[in-house]
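First the structure, in the form of structure tokens, and then the observations on it.
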Amino acid sequence: MGFENFGTVSFTAAAKAADFMTHLEAGKVMTTRCRNCGASYFPPKADCPACLSSDVDWFEIKGQGKLNTYTIVNYGPTGFENDAPYILALGEFEGGIQVLARLSRDIKPDDIKVGMSLALSPVKLPDNRVAYEFNKV
Amino acid sequence: MPDRKVCIIGGGMSKWGVREASIVDMTQEAAKDCFDDVPALKRADVDGLLFASSYCGRRSFQVNAAPVMAERIGLKPTSICTRVDTLCAGGSSGIILATGLIRSGMADIVMIAGGEKLYTPQRWETYYSELASIDHDWDGAQGIGLPPPFFSMTAQEHMKRYGTTKEQLSAVSVKNRRNGATNPKGHFQKAVTMEEVMAARPIAPPLGLFDCTPVTDGCAAVLLTHEDKAKELSDRPLVYIRGTAQATLHSMSMNWPGEHLADWLHLRTAAKKVYERARVGPGDIDVAQTHDCFTISEIIEMEDLGFCKKGEGGHFVESGQSDFGGEVPVNTDGGLLSCGHPFGATGIRQAREMLHQLQGRAIKQVEGAKIGLTHNLSGLNVEHTILIYGREP
Ligand SMILES: [Zn+2]
């Protein structure tokens with residue numbers, strides 16, 4: 001399978017990094033590191049942007065991240081109208097890996113603080129869709 | 001290989017706003033206005049057309065648009081006829097490309113036209129198409145298709161680090177709406193007060209309604225040629241393209257190149273290059289049109305273009321340094337906040353205003369302006385494009 005069931009709305013079904021979805025379905029947010037030059041990045045890539053090698057390894061984004069900034073989305077784009085309002089945030093994880101994701105609805109707006117610790121984990125959406133989101137540690 | 005000096009000799013605009021007109025209609029209006037600006041020019045002598053538009057393929061259902069536009073504005077180009085897409089910077093990209101073609105002798109007289117028809121009968125299309133302008137696989141799938149949330153995060157970062165206030169953001173909107181009030185071609189001809197801006201409906205806090213550029217239909221056109229031809233076609237003072245730069249360091253929010261969202265390393269990279277190319281520094285700029293898609297954008301641009309120190313952009317705007325009589329008047333025709341932002345047309349609108357400023361015929365004139373700068377950011381802040389114009393080459 002590919003990215004058919006990714007997020008509220010997915011835009012690209014077939015992509016070479018489709019193993020990401022297999023891992024996500026299995027409960028892990030994984031990304032890639034290049035075996036040739038050592039560069040790691042998120043989102044995952046089947047071919048390394050740094051050295052263009054196709055020899056990449058998967059690893060899990062684990063542990064505590066840090067909330068860098070966030071915003072409340074009151075007006076969602078088409079396809080996301082029923083999700084709004086939702087909170088988008090930029091988090092940073094070990095190795096400088098940056099992730100844009102929604103904050104879990106379990107986190108109350110009053111409890112959000114820039115710099116707070118976050119975990120990144122898969123989340124099941126209606127209609128068998130799957131995404132990832134930030135949770136409180 | 002020749003190395004010719006390149007001049008901008010004419011500019012035109014359609015009326016911008018919510019239009020009952022197609023993208024072809026508006027391109028015709030802009031081109032006619034531009035030809036009227038250079039009466040001595042024969043259309044048959046125009047050997048190039050670059051058409052800047054990002055959404056014509058989707059919202060106007062017209063791909064391969066350049067030949068369609070050429071026919072409808074009565075051009076028969078023989079050197080170049082193609083479309084350019086760098087979203088918000090498409091018009092400026094067209095001007096950069098035309099400059100290279102004319103400078104090298106590959107074209108002689110090039111029209112750069114562009115614009116968008118963004119209002120469609122089915123309103124959902126507007127808010128779906130926005131998702132196509134970012135890395136839709138990853139950023140789009142999170143629901144960040146519309147720009148305000150991203151710039152809200154940017155504004156919060158700037159406020160937290162540098163103490164920038166909502167009043168300072170609002171000052172940008174008050175200035176630009178005042179400048180645009182006398183511009184008949186722009187979307188709005190109405191100034192707004194500080195109280196109105198501060199009390200406006202929140203869009204993505206701290207950004208309210210007047211902190212955001214509207215959704216606008218419109219087209220614009222300019223003409224470029226080499227110095228000798230420019231002298232032949234017009235008695236007006238010559239306006240040269242002195243330098244250009246376009247810098248991209250990333251393509252999505254996860255790979256942001258600066259230390260934080262209010263640190264625009266890609267803008268500083270482009271600025272360093274364009275100042276070198278134009279052999280001037282920020283202190284030499286008499287007038288500027290910078291990309292005020294949101295009020296916070298103009299504040300950060302003042303800093304990373306080198307008009308003031310990092311973190312002092314809010315104070316720079318609030319104290320009138322970017323207004324008439326200040327260090328460098330910015331967005332003298334109203335900018336994006338008052339004129340609107342039909343993406344491919346914006347860089348062309350800025351070039352037209354710069355032509356008017358440097359020839360001393362702007363509606364709101366900066367007295368004695370000799371060197372001017374135009375700037376676009378494009379997409380979800382993934383690229384910065386800068387041009388410097390001057391009365392001397
Ligand atoms: Zn590599």
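Since this is a predicted model, take the numbers as computed values, not measurements. Letters A, B, ... are given to chains in the order of the sequence lines, protein chains preceding strands, and every chain is numbered from 1.
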Considering residues, nucleotides and ligands other than [X], do more than 12 of their heavy atoms fall under 6.0 Å from its [atom1]?
X         : atom1 : answer
Lys28(A)  : NZ    : no
Lys310(B) : NZ    : yes
Asn128(A) : CG    : no
His315(B) : NE2   : no
Glu259(B) : CD    : no

**Asked** Looking only at atom types and distance, does a side-chain atom of Gln156(B) sit under 3.5 Å from a main-chain N or O of Tyr70(A), one as donor and one as acceptor?
**Response**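 Side chain of Gln156(B) to backbone of Tyr70(A), a donor-acceptor pair under 3.5 Å: yes, one is there.
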Return the [atom1] to [atom2] distance between [X] and [Y], rounded to the nearest 0.5 Å.
X         : Y         : atom1 : atom2 : result
Trp124(B) : Glu81(A)  : CH2   : CD    : 10.5 Å
Leu100(A) : Phe150(B) : CG    : CZ    : 8.5 Å
Leu131(B) : Phe11(A)  : CG    : CZ    : 4.0 Å
His158(B) : Thr69(A)  : NE2   : OG1   : 13.0 Å
Asn255(B) : Ile97(A)  : CG    : CD1   : 10.0 Å
Trp138(B) : Thr12(A)  : CH2   : OG1   : 10.0 Å

**Message:** Can you tell me which portion of Tyr41(A) sits under 4.5 Å from chain B's heavy atoms? Options are side chain, backbone, both or neither.
**Reply:**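 Neither part; nothing is under 4.5 Å.
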**Prompt:** Thr8(A) versus chain B, heavy atoms under 4.5 Å apart: side chain, backbone, both or neither?
**Reply:**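 Only the backbone of Thr8(A) comes within 4.5 Å of chain B.
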**Prompt:** Which bit of Pro148(B) is near chain A, if near means a heavy-atom gap under 4.5 Å: side chain, backbone, both or neither?
**Reply:**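 Neither part.
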**Item:** Which portion of Ile144(B) sits near chain A, non-hydrogen atoms under 4.5 angstrom
**Value:**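 Both backbone and side chain.
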Of all heavy-atom pairs between [X] and [Y], which one has the smallest distance, and what is that distance?
X         : Y         : result
Met254(B) : Val99(A)  : CG-CA, 3.9 Å
Leu88(A)  : Gly143(B) : CD1-O, 4.0 Å
Asn68(A)  : Lys160(B) : O-NZ, 4.0 Å
Thr71(A)  : Ser152(B) : OG1-OG, 2.8 Å
Gln142(B) : Phe6(A)   : NE2-CZ, 4.3 Å

**Asked** So which of Met153(B), Glu130(B), His136(B) has the biggest tally of heavy-atom pairs under 4.5 Å with chain A?
**Response**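 Counting heavy-atom pairs under 4.5 Å, the top option is Met153(B).
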